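A quick write-up on the structure given underneath.
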Amino acid sequence: MALTQELQVILFKPQGSIDLEGGKALSEQMAGVVPQAHQLWVIDLAEVNFMDSSGLVPLVKGLKAARQSGCRLVICNVQAPVRLILELTQLDTVFEIFHTYQDIFLPIKDNSLVLAG
């Protein structure tokens, strides 16, 4: 008997600014979804042109909730001003960040693995 688990993708697409107000909206949207082990949460920041420190709160809370549930949370399409905030706070080392939405689903290429013949 074969058991297959299909990956369920939950896509969040905030727009404009993720500041105190925008962060609350994103938090509420994320709180409306119960993370489950087979889910992939994607936060697509393509339409976010500004984020301040209060905007980081929903991202960190979402990541914590996802990890506690065995769910995976990734970020994609990060614009330069938002990337700067992530880098300054060193959260760029905490989150999985992809250039595009499609990049998330590309197979991992590990060129460091050498097979001895």
Side-chain angles (χ1 to χ4, degrees):
M1 180 170 108
L3 178 65
T4 57
Q5 180 88 39
E6 183 146 350
L7 187 66
Q8 181 183 2
V9 178
I10 309 295
L11 179 62
F12 299 96
K13 288 189 68 126
Q15 297 175 331
S17 298
I18 302 182
D19 48 16
L20 187 58
E21 189 176 313
K24 282 183 184 176
L26 180 57
S27 285
E28 289 170 8
Q29 189 180 28
M30 292 175 77
V33 180
V34 178
Q36 297 174 12
H38 61 277
Q39 291 176 333
L40 169 64
W41 284 19
V42 178
I43 302 176
D44 187 338
L45 299 177
E47 296 180 36
V48 174
N49 52 19
F50 175 81
M51 179 186 293
D52 63 13
S53 58
S54 60
L56 295 172
V57 173
L59 296 181
V60 173
K61 279 185 174 178
L63 182 63
K64 183 179 177 188
R67 284 186 173 170
Q68 287 175 340
S69 303
C71 173
R72 182 178 171 208
L73 183 143
V74 301
I75 298 173
C76 66
N77 291 317
V78 181
Q79 305 304 308
V82 176
R83 182 172 290 278
L84 181 61
I85 293 294
L86 292 172
E87 289 171 357
L88 288 172
T89 57
Q90 296 184 346
L91 287 173
D92 61 323
T93 62
V94 175
F95 287 96
E96 283 186 82
I97 301 174
F98 294 87
H99 289 288
T100 68
Y101 180 79
Q102 291 78 14
D103 287 349
I104 297 167
F105 304 99
L106 291 177
I108 298 170
K109 293 185 175 124
D110 186 0
N111 294 330
S112 64
L113 184 63
V114 178
L115 299 176

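Only a predicted model underlies this, so the values are computations on that prediction, with no experimental measurement involved. When reading the values below, keep in mind they use all heavy atoms of this one structure, side chains included, and skip hydrogens, waters and symmetry mates.
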Out of curiosity, does F98 fall in the hydrophobic cluster containing V48 (side-chain heavy atoms, cut-off under 4.5 Å, transitive links)? no
Would you list the pairs meeting side-chain hydrogen bond (donor to acceptor under 3.5 Å, both in side chains) in which at least one residue belongs to residues 68-82, sequence neighbours left out? D44-N77, R72-E96
If you look at every heavy atom in H38 and Q36, which pair is closest and at what distance? CE1-OE1, 2.8 Å
If hydrophobic clusters are built from ILVMFWY residues whose side chains come within less than 4.5 Å, do I10 and M30 share one? yes
Hey, does D103 have a side-chain heavy atom less than 4.5 Å from the side chain of C76? no
Take I18 and L56 through the side-chain contact (heavy atoms from CB on, under 4.5 Å) test and state the conclusion after the steps. CA-CA 8 Å; I18 302 182; L56 295 172; over 6 Å; no
Between the CG atom in L26 and the CG atom in D19, the distance rounded to the nearest 0.5 Å is 11.5 Å
Got a second to check how far L84's CG is from D92's CG, nearest 0.5 Å? 10.0 Å
Rounded to the nearest 0.5 angstrom, the CG-CZ distance for L91 and R83 is 12.5 Å
Starting at OG1 of T89, measure out to CG of L59 and round the result to the nearest 0.5 Å. 9.5 Å
Here the gap from I43 atom CD1 to K13 atom NZ, rounded to the nearest 0.5 Å, amounts to 13.0 Å
Between P58 and G55, which heavy-atom pair has the shortest distance, and what is it? CD-O, 3.2 Å
For P35 and C71, which heavy atoms make the closest approach, and how far apart are they? CB-CB, 4.1 Å
Who are the ring pair (Phe, Tyr, Trp, His ring centres under 6.0 Å) partners of F50, not counting sequence neighbours? none
Just how far is it from atom CZ of F95 to atom CD of Q90, taken to the nearest 0.5 Å? 13.5 Å
Going by side-chain hydrogen bond (donor to acceptor under 3.5 Å, both in side chains), name the pairs with one or both residues in residues 51-67, residues two or more places apart or in two chains. D52-S54
Cluster overlap V9 with I75, hydrophobic side-chain contacts below 4.5 Å: no
Are V94 and V74 grouped together when hydrophobic residues (ILVMFWY) are joined by side-chain heavy atoms under 4.5 angstrom apart? no
Test of understanding: clusters of I, L, V, M, F, W, Y form through side-chain heavy atoms closer than 4.5 Å, transitively. Do L73 and Y101 belong to the same one? no
